[in-house]
Amino acid sequence: MDDSPDSGSVVTTHPLETARGTNGFMPLSLLAVSFIIILTWELIVAGRARSSARQLREQQGKMVEQSQKVQTGLEKLARDLIEVAGNDDNARAIVTKYQINVTNPAPGSSPAAAASAKP
């Protein structure tokens, strides 16, 4: 008799023999590598978000400074307009038409002073 598979005999092999060289460590190591890759990606994304938040905070700080300058200029313009309205009819007409009035706020109560007082 032949021992060849063509002779009609059934050759059975043990499942562990067909998968030689593989064991339970390979899937576990693939999972660990995948987990490390995901964590690395999350760290990269968090770093980018942190740097963009820092840039946004700097830009907002610049905008606050600019708005404080504009507010100071507008307050000065309004005060000057009211002062001129005492002698000029055109300025008085503008002041009454737009109901412009300026009150002296308590120290630290203006938005510009409050924003500059914050650290």
Check whether any side-chain heavy atom of Leu43 sits under 4.5 Å from a side-chain heavy atom of Leu39, and report yes or no.
-> no

Pairs of donor and acceptor atoms involving the side chains of residues 48-63, under 3.5 Å and at least two apart or interchain, shall be tabulated with distances.
| residue | atom | partner | partner atom | Å |
| --- | --- | --- | --- | --- |
| Ser51 | OG | Arg48 | O | 2.9 |
| Ser52 | OG | Arg48 | O | 3.3 |
| Ser52 | OG | Ala49 | O | 2.9 |

Between Leu30, Ile36, Ile37, which is the residue that forms a side chain to side chain contact (heavy atoms under 4.5 Å, CB included) with Val33?
-> Ile37

Phe25 meets the side chain to side chain contact (heavy atoms under 4.5 Å, CB included) criterion, sequence neighbours left out, with Asn23, Ser29

Solution key, residues 77-95 side-chain donor-acceptor pairs under 3.5 Å, sequence neighbours excluded:
| residue | atom | partner | partner atom | Å |
| --- | --- | --- | --- | --- |
| Arg79 | NH1 | Asn104 | OD1 | 3.0 |
| Arg79 | NH2 | Asn104 | OD1 | 3.4 |
| Asp88 | OD1 | Asn90 | N | 3.4 |
| Asp89 | OD1 | Arg92 | NH1 | 2.7 |
| Arg92 | NE | Ala85 | O | 3.3 |
| Arg92 | NH2 | Ala85 | O | 3.3 |
| Arg92 | NH2 | Gly86 | O | 3.3 |

Side-chain contact, heavy-atom cut-off 4.5 Å: Phe35 with Leu31?
-> no

